[in-house]
Amino acid sequence: MDWQALNVSLLLAGLTALILTPVGVFIARKLAWSRFAGRNFIQALIALPLILPPTVLGFYLMISLGELSPLGRFYQGIAGESLVFSFEGILLASIIFNIPFAVQPVQRSFESIPINEREAARSTGLSGRPTIWRIELPLAWPGIVSAGILTIAHTLGEFGVVLMVGGNLAGETRTVAIAIYDRVQAFDNTGAATMSAALLMISLLSITLIYFLTDRAGHHERR
Amino acid sequence: MKDAESIQVRLQQDGPIPLDVSLSCNTGEILVILGPSGSGKTTILRAVSGLYTPASGNIRCHEEQWLDTAAGVNLPVQQRRIGMVFQHYALFPHKTALQNIMIALQRYTPGSKRVTAEKLLRTMNMEGLGERYPHQLSGGQQQRVALARALARDPGVLLLDEPFSAVDQQTRRKLVRELVTLRQQFRWPVIHVTHDLNEARRIADRLCVIHRGKTLQSDTPDQVMNHPDNAEVASLIGHYNIFSARVVEHDQDAGTSRIEWNGHTLDAPHRPEFEPEEETDWVIPADSIILHRRDRPSRGERENPIAGHIEELVPLGENTSIAMATGREQSLYLTVPTHVARRNKLSQGGDITVSLLSESIHLMKKIRG
């Protein structure tokens, strides 16, 4: 077992979920309840990482984060190091390819809150912010939790994008998924098997947890 | 002295939902807005609550200006003191009955919130059910929680959007009775929206008939039912016998106006505002058409007698509904007790004669345009 790789994976997954969840909630709420020009295009953009081959996404990210791109140069200017082949680089990549997982479940949750319940909140005298905290977020909670777990699970399992952007640097960009590939290449099937089993268990557990949470929420709430 | 109008509403817009509404409601009064579905009655309620902003309008509630589009005044929903009960209650599913009510008690201290909410639940005969979640309550109980939540804000007006439509008949009767009792106890103006004519008649102090977003008539239920302003109102409140006729002459001494309809001459109550020869609409309630009984002839039979044959005979429990052909195209609709229909051996195609009670014939001005 490559504990260092597991450490990188968990840190990457945790930070991605931590940063992305609030952003996801914000975007999801807008998409669920507002109608504006370009809404469908934005939804398509958000869904794009679901269907694009990870190598394609990884390629574009590598180009746009590299030293030849304005973003890459800007980052190098302030941080003094390159975004590609760094932990910060794969974190940024991970945030981008996880957007659909962080937005879509939350959007579905918001959409399933009947408009009457939001109107009832206002008619009882609640203004905007208390309505969000006391009515909307608790009702969208199953979706938010799902999004968080999905983001973590998906980050743990991501391979192509991380490899394209981060390469395979021990302690910096080598995640468990890459370590498994690395072990197989080195004919260390035992090492690969241990880590594969670990990843399998984590994935299965998190998906079970999502079903458990959404089932309980659904059971509790609607007539 | 007459109470000042507690809430006055004027709404006007051409689209997307046309509105041309003017209504008012006093403290302790139940104003029922009656209209078919799609008539804009829920939009009116939403406009009063602030959930919908019309192109032009003016709403005043207890000396407080809620909306004045001309002056750019438009209070947001949470600043209007309303109590609103939604059609499907819209209780917060993640909160208990008690918490649902406490949400509306923002300005109370945490301790007094609970006490006040519990008191409100008691008023609704819901003691001991405060810890239940909405899905653990019956429809009627949910409705009571929704009402308690609406009252918790000490509203300037209570707005009810078809609140009894989602419960069974028996619960509905009980809830209606409770609402009327509560109203006497608390004394707010109540605006109640429904498409159910019977419900409207039972609870309304004032009935406002709406069609295509327009107030057609606003008056006491009796007045609206017996003296609809025009044929459109008459048809909306469930009258079948609406016809056109020509005014023949007035007889001031006898207190009658004579009209000619379908080849018959009928006596109606004296209405000098109609000119002789004027085309008019008229209406008669189905229960004011009296069957001439073979088993028991009476002297009333000289009153506007009309002969014809039975076109259709539909027994509906205690009463039987009869469509009667009167010679030309138009049919009269009447209801008779089913036992009378049986005793008189009424059957489809059979001949009958009836009297139209002259005092129940109501003349209406033709709608222009």
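Note: hydrogens, waters and symmetry copies are ignored here, and every other heavy atom, side chains too, is used. We name chains A, B, ... by the order of the sequence lines, and we start the count at 1 in each one. Values in this document were obtained by computation on a predicted structure and should not be read as measured data.
- Environment of CH2 in A:Trp33: crowded, with over 12 heavy atoms of neighbouring residues, nucleotides or ligands closer than 6.0 Å.
- For B:Arg81, no part sits under 4.5 Å from any heavy atom of chain A, backbone or side chain.
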Q | Test salt bridge (Lys or Arg N to Asp or Glu O under 4.0 Å) applied to A:Asp2 and A:Arg174, step by step | A | CA-CA 10 Å; A:Asp2 186 342; A:Arg174 183 190 291 160; 3.7 Å; yes
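- Heavy atoms of A:Arg118 lying under 4.5 Å from chain B are absent altogether.
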Q: Before giving the answer on ring-ring contact (aromatic ring centres under 6.0 Å, His included), spell out for A:Phe97 and A:His154 the whole-Å C-alpha distance, their side-chain angles and the decisive distance to 0.1 Å.
A: CA-CA 9 Å; A:Phe97 74 65; A:His154 185 239; 5.4 Å; yes
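- For chain A, the nearby part of B:Leu51 is the side chain; its heavy atoms alone come within less than 4.5 Å.
- For the pair B:Arg149 and B:Phe92, the cation-pi criterion (under 6.0 Å, within 45° of the ring axis) is fulfilled.
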